[in-house]
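What follows is a single structure, and I will ask about it in a moment.
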Amino acid sequence: ADLEANMKTLAKSTKAFAETMDVDKAKQQLVLMREAAVSSKQYLPHRLEGLPSENVKVKEYQAGLDQLVAEIDKVTVLVEQGQLDQAKAEAINLVKIRNENHKKFR
Ligand code: HEM
């Protein structure tokens, strides 16, 4: 999947996660989210095209995705503890991380 496909997967899975009351389905969506976030690190957004991997902006972009993965893991722990409501409350941070990074890189 390229970056746009990964972003579409992120959008679909975060929506499905927010909508489901089923713990197994919630876990599945978090797995899809994590895969899409990790996969996105290997691509450069259009705005950073041509920059070398050691460029500060490229590092910042990758750090944004690392932050997203860390947050997905936090949400996953709550789901695994059966705390779906708390997990959904925590997942608000996914949207915050998305918005911050879209401002910088999209
Ligand atoms: C749950 C979190 C996120 C969701 C739901 C999300 C969703 C989306 C969607 C729907 C698009 C449009 C895709 C298309 O072209 O059809 C997009 C584009 C984009 N997103 Fe995200 N995103 C998320 C997090 C992030 C993060 C953390 C970053 C960067 C660290 C990021 C960087 C970008 C960039 C750069 C584009 C434009 C594609 C390009 O320039 O090549 N997104 N995102």
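Keep in mind that what you see is a predicted model, and the values were worked out from it rather than measured. Both ligands and their constituent atoms are indexed starting at 1 by order of listing.
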Protein heavy atom at shortest distance from atom 38 (C) of ligand 1: L3 CD2, 4.1 Å
Non-hydrogen side-chain atoms of L32 and L10 separated by less than 4.5 Å: no
Closest approach of any protein heavy atom to atom 4 (C) of ligand 1, naming residue and atom: R98 CD, 3.4 Å
R34 and V31, any side-chain heavy atoms less than 4.5 Å apart: no
Separation between CG of L3 and NE2 of H46, rounded to the nearest 0.5 Å: 7.5 Å
Side-chain touch D66/K41, heavy atoms, less than 4.5 angstrom: yes
Distance filter under 4.0 Å to T14 heavy atoms, resulting ligand 1 atoms: 1 (C), 5 (C)
Side chain, backbone, both or neither: the part of Y61 lying under 4.0 Å from ligand 1 by heavy atom: both
Min side-chain heavy-atom separation L94-F17 under 4.5 Å: no
Separation of D22 CG from Q29 CD (nearest 0.5 Å): 10.0 Å
Atom indices of ligand 1 within 4.0 angstrom of L65 heavy atoms, with elements: 27 (C), 30 (C)
Heavy-atom nearest neighbour in the protein, as seen from atom 37 (C) of ligand 1, with distance rounded to 0.1 Å: R106 CG, 3.6 Å
Shortest protein contact, atom 15 (O) of ligand 1 (heavy atom only): E4 CG, 3.3 Å
SB check E60 K104 (cutoff 4.0 Å): yes
Chi angles and distances behind the salt bridge (charged side-chain N to carboxylate O under 4.0 Å, His left out) call for E100, K96: CA-CA 6 Å; E100 285 166 10; K96 286 190 189 157; over 6 Å; no
Closest protein heavy atom to atom 26 (C) of ligand 1, given as residue, atom name and distance to 0.1 Å: N101 CB, 3.9 Å
Proximal ligand 1 atoms for A11, defined as those under 4.0 Å from one of its heavy atoms: 5 (C), 10 (C)
Mode of K8 contact toward ligand 1 - side chain, backbone, both, neither (heavy atoms, under 4.0 Å): side chain
Closest approach of any protein heavy atom to atom 9 (C) of ligand 1, naming residue and atom: M7 CB, 3.7 Å
Lys/Arg-Asp/Glu bridge criterion (N-O < 4.0 Å) met for K8, E4: no
Protein heavy-atom partner closest to atom 39 (C) of ligand 1 - residue, atom, separation in Å: H46 CD2, 3.4 Å
Heavy-atom nearest neighbour in the protein, as seen from atom 42 (N) of ligand 1, with distance rounded to 0.1 Å: H102 NE2, 2.8 Å
